[in-house]
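Data first, discussion second: the structure below is written as structure tokens.
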Amino acid sequence: MPDSWISTAAHLDAFVRELYPICRSITGDGLRQTLRAIQGRIPLELREVPSGTKVLDWAVPLEWNIRDAFVANERGERLIDFQRHNLHVVNYSEPIRKRMTLAELRPHLHCLPAQPDRIPYRTSYYERSWGFCLTANALAALPDGEYDVCIDSSLTQGALSYGELLLPGALPDEILISAHTCHPSLSDDNLSGIAVAVALAQELSQRPARRHSFRFLFAPGTIGAITWLAQNCETASRIRHGLTLTCLGDSQPFTYKRTVSGQASIDRAAARVLARTGAAHQAIDFFPYGYDERQYNSPGFRLPVGSLMRGRHGQFPEYHTSGDNPDFTSGDRMFESLGVLRAIVDELEADVRYRNLEPYGEPQLGSRGLYRALGGTSIPNLQFAMLWVLNLSDGEHGLLDIAERAKLDLATIREAASLLESHGLLARA
Amino acid sequence: MPDSWISTAAHLDAFVRELYPICRSITGDGLRQTLRAIQGRIPLELREVPSGTKVLDWAVPLEWNIRDAFVANERGERLIDFQRHNLHVVNYSEPIRKRMTLAELRPHLHCLPAQPDRIPYRTSYYERSWGFCLTANALAALPDGEYDVCIDSSLTQGALSYGELLLPGALPDEILISAHTCHPSLSDDNLSGIAVAVALAQELSQRPARRHSFRFLFAPGTIGAITWLAQNCETASRIRHGLTLTCLGDSQPFTYKRTVSGQASIDRAAARVLARTGAAHQAIDFFPYGYDERQYNSPGFRLPVGSLMRGRHGQFPEYHTSGDNPDFTSGDRMFESLGVLRAIVDELEADVRYRNLEPYGEPQLGSRGLYRALGGTSIPNLQFAMLWVLNLSDGEHGLLDIAERAKLDLATIREAASLLESHGLLARA
Amino acid sequence: MPDSWISTAAHLDAFVRELYPICRSITGDGLRQTLRAIQGRIPLELREVPSGTKVLDWAVPLEWNIRDAFVANERGERLIDFQRHNLHVVNYSEPIRKRMTLAELRPHLHCLPAQPDRIPYRTSYYERSWGFCLTANALAALPDGEYDVCIDSSLTQGALSYGELLLPGALPDEILISAHTCHPSLSDDNLSGIAVAVALAQELSQRPARRHSFRFLFAPGTIGAITWLAQNCETASRIRHGLTLTCLGDSQPFTYKRTVSGQASIDRAAARVLARTGAAHQAIDFFPYGYDERQYNSPGFRLPVGSLMRGRHGQFPEYHTSGDNPDFTSGDRMFESLGVLRAIVDELEADVRYRNLEPYGEPQLGSRGLYRALGGTSIPNLQFAMLWVLNLSDGEHGLLDIAERAKLDLATIREAASLLESHGLLARA
């Protein structure tokens, strides 16, 4: 096991554990603190969009902050305590301070009967409300009586925060990597996505040359993507490929969720990479639910943004419960996810489209030292690759197409293209 | 069994039995009498097109009427008698009155050796000729001798009759339902098609709202469709979908015959409906034989008209014989056929194409009361349907497309679209 | 077995045996002598293109001729002798006359360790070099010592020779039949292709009417096709279909190699013909290696030229060895190949595209005597074929399409089209 592997995997895990305790939401200091932690690793630019700003069909909501919350019995013992787990409070709860009976309190308590040891994750972003989440066992054990209920939160004119990083490339065309950043203490969803995105950004920033420009977006789900789209329409028009990242730290096989068209370059690149892993994996068609691919793929934008994940939205028991904690995810799995993500990005980077500058017949490779001198019965792969690249570089096919059709690996096709380009036989289309 | 079921099935059967004895042809009083019987049930408009009128590449033929026909032996006994069964006369026979030997008569006699108890149905529309049809057993029993042969028919300047009914809808776009009306005493082919078409017209006329306009056409096969097309070119250009109806009263599984393209909306609607029946059925590709779908699908018109049937043209023993009588068909089977036909029509009615009026990102459904307030892990079908309708209402997809892609039932998709439309988020494209 | 069969098969074999001893190359007298032998059978026009002429990205090379070559021991015994087999010399070897040790000679000797009894075929067209080929057994038996090495060849300003024959047809549109003519004593590759092409040309020249014009090209591989393309750009633009012929005399099943698009008419015609043979065969996708289909399918030309062969390039042991001699090929196999080739050509000849001149509804066939008078239950194939031809003659479909869709044989479809054309119902599109 190479050191870098141990090191990267360990860093991924450590970053998840560092961010885990923070109580994030779609606005507020927990979100801001998370973006600053990312900024400690990559040069993220932070944006603050004031509450009330009109964004597409929505408006930026009030900023939510929370200091404390509990349900205490008459003896002052906290039976439900935000300080012990921030999932105990329904995210975005309005403030309350009141004594009430269990019967009055009960409609505000949420549990998971099927998983009696886990606290569920609940939100109430767009309707003023408050509530607590607790395990079904704890709920069952609550005696009748009077309770002091306190949520020391605030909903005030403030801002929605997000962070973005642009790594410029040779082309203005962008690849978008987007991770939602609003979930509180949930590890797989989506600290794993954040950590893997950060690690990729670190790697790409070290590359001597990038063909595409890369945009990393860390923003709260739905309203964050909508805010970004509203304020960056022109930038959005330069996005050629994209991925949302989520649930990349669990031990399930990879799932790739396609774009609306299902035939975008990102769809084909993901299919190729996952096929190469040799491991179980699946590709599923787009559906307008899940994460921010919903917004990017909306009919007004139709950005070809797929989604890379391991465990699927709502389809594993730990999803949106206290079971989704740093012991559920692992650095090794995130390291694997980073490898798949990097490979997909590399396919897109490699998918150059060339134009054959000598398209009439085959150019004479021999006189350029590109072809074996002695005619025999077979042909080395690199020479065959050159013939394929020449034949299909008609402005319609990129190197990925050519590699698929030639059934040669992309590295050989790229080497062939590079040789031909350096001999003046190809130009970038 | 609901009363309406018994009632409709019984009415279908009764109508077939009422029409059965009439000697129809491609022109003449039998045809006219049939159209008037239909007019007794739906407000059909009758048309008369004079003999000799040029219609496309054809001309309306002379009008044929027949009063009596027989072959009698020297004792005056009618051995073949039109009064007993109108199939006994080759349809459109010219008049004859002559005494002749069996040998002279023999070339004018037609039977079915493979079905010795059945009278075949034969026509001679476009070549002047005469003849009789009888069972093979009866033919074998004819003694040598002299016979009095009489066909008391007339071929005169008259008219070709057809009937049509337009039920206007919100759209000028029409759905054509066409049934050929020229066959004499044959029950499945096509009194069943006529009866089912009439029943559908009755139902649709009661609907408070129709999206499409519906045109019902009752006309003789081939020359009737050609005459209608010749005289209604502009109307034909408004036909968006169509079906010819035939053989809908027998007990065979359903067959749907596709349009020339095979990919018309009617083709997809029929496939979906038949799949939903759960019963055996088949869809077959278009071929230029059968009924008037041949004319509608001709290259100059290319109207997307499919064909709905049970028993297939020429593929069951009773076809075009005296075996195709009201005991071969049943009201229950016609009632089933009416259900399938109605379901196909309903799919087309439901296949509205909308335009998302907030296409940039997802509109905020929560603030409009269209989305559950408390965020959890799953989403009700109706809300999911709204997201699908919003995502795919880009002017390219109708509700049928959306239902197929979403794998949700059309009713849910329609309800979602209706909710979104009432909230100003969708407009009809 | 009909006489013509014996006769044609025998002639094919005899022609291969006549041409076999000649030492061909990409230029020179062996090539010229071969073209003149072809000229003895069909009125080929010979072209000479001077050395140094710029052709596309290439230049016509120097003309190579050879009189003698050997490796002799000190006693003057020829241990390797061009006079015994012209494969003994690396084709296009520069002249040499030198005494050298076996160690010095060894790098210039080529054998086939896996087939120790066969002489390999090697060339060095585009790099000045020389060498000998011999069996591995002979190489192993060469004693140490000094050798007299002689290649009495010349590389001089001369010309590249090729021959072409145009058989004009009703259309200016051409079908190209191309056979490479540069290989020395190799029978299957490509004397078989040459012989079959000549036989087809003989047959077609006898036909009273050809729809397409046919162009036969006999030219050296690669540089010959490139030279022809360079000098015949305008002609190339008239090529609608084409085939390269190679390895048509061995006993393997047929292989058809598709054009780049894989969907050209020639691809479909070949698929249909091979399916009809009932025998094992395969169709493979285009790849830019093999024979001159590489040049014709290059992106600047994209001529739809497939390739017909039996044994595949490089995939049988005799390929490019002395094992590929007239005993390896047979007249019977070439006769079979001629039959497949003729059938493919006939499909293309038959694939006329018509326009229905009465496209609105079906024209009245009965009044034109094209339809049975008495209506019954079935329809003869020829009448059905007429209905299909009328329905699909919309300018988009040729007779091949119609035959495929109607599942009727092409002969019936052609007869139907011919009848309809003669009655003024169809015109060539």
Side-chain angles (χ1 to χ4, degrees), chain A residues 353-399 401-409 412-413 416-417 419-421 423-429, chain C residues 26 55-59 61 90-93 108 110 112 120-129 131 133 182-183 189 221-230 233 236 260 262 285-290 292-303 313-321:
Chain A
R353 192 170 285 200
Y354 288 97
R355 195 162 43 84
N356 179 342
L357 298 175
E358 291 287 350
Y360 297 97
E362 290 171 1
Q364 191 174 13
L365 299 180
S367 66
R368 294 173 172 91
L370 297 174
Y371 212 72
R372 50 140 206 231
L374 189 72
T377 61
S378 69
I379 182 174
N381 270 358
L382 181 60
Q383 290 177 21
F384 197 26
M386 283 191 278
L387 296 177
W388 271 112
V389 170
L390 287 167
N391 189 286
L392 291 179
S393 288
D394 51 8
E396 302 288 313
H397 302 86
L399 295 190
D401 299 301
I402 298 174
E404 280 186 21
R405 182 132 179 208
K407 299 187 186 74
L408 291 169
D409 61 90
T412 306
I413 293 289
L419 270 170
L420 292 168
E421 189 180 17
H423 281 82
L425 291 170
L426 291 185
R428 303 205 170 213
Chain C
I26 54 173
V55 286
L56 302 178
D57 184 57
W58 304 59
V90 170
N91 202 286
Y92 237 66
S93 281
H108 296 272
H110 307 281
L112 285 171
Y121 164 52
R122 292 286 179 273
T123 64
S124 184
Y125 295 140
Y126 298 107
E127 186 168 285
R128 284 285 180 109
S129 152
C133 300
C182 50
H183 285 30
D189 177 20
T222 305
I223 187 66
I226 282 168
T227 299
W228 184 83
L229 285 165
C233 278
V260 168
D285 279 333
F286 178 82
F287 52 90
Y289 197 56
D292 289 328
E293 63 277 7
R294 296 159 63 170
Q295 310 308 327
Y296 303 127
N297 281 279
S298 62
F301 293 108
R302 281 284 189 263
L303 302 180
H313 185 269
Q315 305 213 344
F316 52 97
E318 294 81 3
Y319 179 80
H320 278 197
T321 76

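Naming: A, B, ... by sequence-line order, numbering from 1 per chain.
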Notebook entry, point to check: Which heavy atom in A/Trp388 sits nearest to a heavy atom in C/Phe286, and how many Å separate them?
Noted result: CH2-O, 3.2 Å
Notebook entry, point to check: Looking at A/Gly361 and C/Ser298, what are the two nearest heavy atoms and their distance?
Noted result: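 The answer is N-OG, 2.7 Å.
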Note to self: Would you say CZ of C/Phe301 has more than 12 non-hydrogen atoms from neighbouring residues, nucleotides or ligands within 6.0 angstrom?
What the structure shows: yes
Side-chain atoms of residues 389-399 of chain A: list all donor-acceptor pairs with protein atoms under 3.5 Å, sequence neighbours left out, distances to 0.1 Å.
from: A/Asn391; atom 1: OD1; to: C/Arg302; atom 2: NH1; distance (Å): 3.2
from: A/Asn391; atom 1: ND2; to: C/Asn297; atom 2: O; distance (Å): 3.4
from: A/Ser393; atom 1: OG; to: A/Val389; atom 2: O; distance (Å): 2.7
from: A/Asp394; atom 1: OD1; to: A/Glu396; atom 2: N; distance (Å): 3.0
from: A/Asp394; atom 1: OD1; to: A/His397; atom 2: ND1; distance (Å): 2.9
from: A/Asp394; atom 1: OD2; to: C/Arg302; atom 2: NH2; distance (Å): 2.8
from: A/His397; atom 1: ND1; to: A/Leu392; atom 2: O; distance (Å): 3.3

Next item on the list: Look at C/Ile226, C/Leu229, C/Val260 and state which one has the largest set of heavy-atom pairs under 4.5 Å with chain A.
Entry: C/Val260
Note to self: I'd like to verify something: which residue of C/Ile223, C/Leu56, C/Asp292 has the highest number of heavy-atom pairs under 4.5 Å with chain A?
What the structure shows: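 Heavy-atom pair counts peak at C/Leu56.
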Notebook entry, point to check: Are any of the side-chain nitrogens in A/Arg368 or C/Asp57 under 4.0 Å away from the carboxylate oxygens of its partner?
Noted result: yes
Next item on the list: Against chain A, label C/Tyr296 side chain, backbone, both or neither, depending on which of its atoms sit under 4.5 Å from a heavy atom there.
Entry: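 Contact with chain A is absent: no heavy atom of C/Tyr296 under 4.5 Å.
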Notebook entry, point to check: Between A/Glu362 and chain C, which part of the residue has a heavy atom less than 4.5 Å away: side chain, backbone, both or neither?
Noted result: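 Both backbone and side chain.
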Could you check if a side-chain atom of [X] sits within less than 4.5 angstrom of a side-chain atom of [Y], using non-hydrogen atoms only?
| X | Y | result |
| --- | --- | --- |
| C/Arg294 | A/Leu387 | yes |
| A/Ser367 | C/Trp58 | no |
| C/Phe287 | A/Phe384 | yes |

Check: Taking only residues two or more places apart in sequence, or in another chain, which ones meet A/Ala427 in a side-chain contact (heavy atoms from CB on, under 4.5 Å)?
Finding: A/Arg355, A/Leu357
